[in-house]
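We use all heavy atoms of the structure for the numbers below, so side chains are in, but hydrogens, waters and symmetry mates are not. Sequence positions, counted from 1, serve as the residue numbers for this chain. Nothing here was measured: the structure is a model prediction, and the numbers come from that model.
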Amino acid sequence: MAKHIAIAGNIGAGKTTLAKLLSTHFDWEVQLEDMNDNPYISDFYEDMQRWSFNLQVYFLTQRWNGIKAIRKGKRTVVQDRSIYEDAHIFAPNLHAMGLMSTRDFENYTDLFDSISEQVEQPDLLIYLRTGIPKLVNQIQMRGRDYEDAIRLDYLKRLNERYEAWINTYEGELLIFNTDDLEFADNPDDQNKIISQIDSVMNGLFSKKKA
């Protein structure tokens with residue numbers, strides 16, 4: 001059976017909202033990013049250069065532990081953000097912006113490469129493609145104090161890296177252009193998304209049985 005569904009997307013794309021929606025509809029377990037207990041996130045947004053390496057290593061550890069738990073469990077789990085996004089998007093972006101030193105970036109990359117050899121791809125990756133205006137609006141709506149410092153150029157760079165990465169992704173992939181979707185509170189949009197995911201999941205289950 002398909003056990004691991006991961007949702008990818010930029011900050012504010014709606015990953016948590018979609019994860020909770022799918023968890024409720026399909027009776028999947030949900031694995032969320034717990035920002036409230038993150039010991040680095042507030043410091044990072046106040047001083048990215050100082051805390052970038054610490055934050056990325058923390059995320060890598062948490063996601064690796066999450067994947068191990070998914071593979072050991074018996075139920076399908078929907079995961080808010082994949083382990084690949086930090087390594088292919090966030091860490092390289094911080095390095096390119098001069099917010100992570102080359103020494104730290106190379107150290108982080110070596111660590112990720114060692115871990116990734118033991119990582120199975122998600123059975124399905126769902127990518128939420130979202131434009132900058134909607135990202136900004138949704139970030140503002142959720143009102144996290146530490147996100148007040150996020151700059152537009154930072155979001156733009158991340159979006160560019162997301163597109164470059166997703167174009168090379170070789171696993172099972174489903175993309176939603178979310179600028180015209182309001183799946184948080186629009187039943188019609190919720191049904192559109194669930195219908196497409198249901199169709200893909202039926203195909204995945206058939207593959208697993210074959």
Side-chain angles (χ1 to χ4, degrees), residues 5-26 28 30-36 38 41-42 44-46 48 52 55-56 59 63 78-94 96-97 99 122 124-169 171-201:
I5 315 302
I7 302 176
N10 205 340
I11 302 165
K15 298 180 298 298
T16 300
T17 300
L18 182 59
K20 290 178 178 178
L21 174 67
L22 299 183
S23 173
T24 299
H25 179 81
F26 290 105
W28 293 339
V30 62
Q31 193 178 98
L32 302 177
E33 275 193 321
D34 191 350
M35 290 302 191
N36 293 327
N38 188 313
I41 192 70
S42 294
F44 168 73
Y45 281 120
E46 290 179 7
M48 290 186 174
S52 60
L55 180 68
Q56 293 305 310
F59 277 137
R63 296 194 217 291
V78 55
Q79 182 187 41
D80 175 354
R81 186 163 277 148
S82 71
I83 196 171
Y84 303 109
E85 291 163 78
D86 291 305
H88 292 288
I89 295 154
F90 287 89
N93 184 61
L94 290 166
M97 293 178 71
L99 298 171
L124 174 64
L125 180 71
I126 300 169
Y127 172 51
L128 302 182
R129 176 179 284 141
T130 312
I132 299 300
K134 188 164 186 176
L135 290 176
V136 171
N137 181 61
Q138 295 188 159
I139 289 170
Q140 291 174 342
M141 284 179 61
R142 66 190 185 189
R144 296 173 180 170
D145 291 340
Y146 59 80
E147 291 182 338
D148 289 343
I150 296 179
R151 303 196 308 262
L152 288 177
D153 67 319
Y154 182 66
L155 292 174
K156 183 175 182 293
R157 287 169 180 262
L158 292 178
N159 256 8
E160 291 169 353
R161 289 184 178 274
Y162 264 106
E163 289 301 315
W165 168 62
I166 214 68
N167 284 332
T168 64
Y169 186 77
E172 199 76 39
L173 176 65
L174 185 58
I175 299 175
F176 291 106
N177 295 300
T178 66
D179 284 346
D180 298 321
L181 293 172
E182 297 295 340
F183 55 81
D185 50 22
N186 186 316
D188 289 339
D189 288 345
Q190 292 174 1
N191 289 334
K192 287 178 186 177
I193 288 177
I194 287 171
S195 177
Q196 290 187 52
I197 293 174
D198 198 26
S199 177
V200 172
M201 291 302 297

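- Phe90 CZ to Tyr162 OH: the interatomic distance, rounded to the nearest 0.5 Å, is 4.0 Å.
- Heavy atoms only, all atoms of each residue included: Val30 and Ala19 are closest at CG2-CB, 3.8 Å.
- Atom CG of Asn177 and atom CG of Leu181 lie 8.0 Å apart (nearest 0.5 Å).
- Residues Asp153 and Met97 have side chains in contact (heavy-atom distance under 4.5 Å, counting atoms from C-beta outward).
- Contact check for Thr130 versus Asn10: no side-chain heavy atoms found under the 4.5 Å cut-off.
- In this structure a side-chain-to-backbone donor-acceptor pair under 3.5 Å is missing from Asn137 to Pro133.
- Side chain of Asn159 to main chain of Gly131: no donor-acceptor pair is present (N/O by atom type, distance under 3.5 Å, no hydrogens or angles).
- Note on residues 176-185: pairs passing salt bridge (Lys or Arg N to Asp or Glu O under 4.0 Å), not counting sequence neighbours, are Lys134-Glu182.
- Remark: Gln140 engages no residue in a side-chain hydrogen bond (donor to acceptor under 3.5 Å, both in side chains) (not counting sequence neighbours).
- To the nearest 0.5 Å, atom CD1 of residue Ile89 and atom CZ of residue Arg157 are 15.0 Å apart.
- Summarising the geometry of Ala96 relative to Arg161, their closest heavy-atom pair is CB-NH2, 3.4 Å, with the distance given to 0.1 Å.
- Listed for the Asn167 side chain is a donor-acceptor partner under 3.5 Å among the backbone atoms of Glu163.
- Cation-pi contact between Arg63 and Phe59: present, with separation from the ring centre below 6.0 Å and deviation from the ring axis of at most 45°.
- Thr24 contributes a side-chain N or O that, together with a main-chain N or O of Lys20, makes up a donor-acceptor pair within less than 3.5 Å.
- Here the CG-CD1 distance, from Leu22 to Ile126, works out to 5.5 Å after rounding to the nearest 0.5 Å.
- Of the inter-residue distances, the one linking Met141 atom CE with Ile139 atom CD1 reads 12.0 Å to the nearest 0.5 angstrom.
- Classification of the Trp165-Tyr169 ring pair by plane angle, with boundaries at 30° and 60°, yields perpendicular.
- At least one donor-acceptor pair under 3.5 Å links the side chain of Glu85 to the backbone N or O of Gly9.
- Looking only at distances, a side-chain donor or acceptor of Ser52 sits under 3.5 Å from a matching main-chain atom of Leu99.
- Using modelled atom types, no side-chain atom of Gln79 and backbone atom of Ile5 make a donor-acceptor pair closer than 3.5 Å.
- Side-chain atoms of Ile11 and Leu155, non-hydrogen and from C-beta on, do get closer than 4.5 Å to each other.
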Next on the checklist: Walk me through whether Phe176 and Lys192 qualify under side-chain contact (heavy atoms from CB on, under 4.5 Å).
Outcome noted: CA-CA 10 Å; Phe176 291 106; Lys192 287 178 186 177; over 6 Å; no
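- Here the side chains of Asn38 and Leu55 are in contact, with some heavy-atom distance below 4.5 Å.
- Between Leu125 and Ile166 the shortest side-chain heavy-atom distance falls below 4.5 Å.
- Heavy-atom minimum distance, Ile193 versus Leu18: CG2-CD1, 3.8 Å.
- Rounding to the nearest 0.5 angstrom, the gap separating the CD atom in Gln31 from the CD1 atom in Ile7 is 11.5 Å.
- Val200 has its side chain out of reach of Ile197: every pair of non-hydrogen atoms, C-beta onward, lies at least 4.5 Å apart.
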Next on the checklist: Determine whether Ile194 and Phe183 satisfy the following criterion, side-chain contact (heavy atoms from CB on, under 4.5 Å), listing intermediate values before the conclusion.
Outcome noted: CA-CA 10 Å; Ile194 287 171; Phe183 55 81; over 6 Å; no
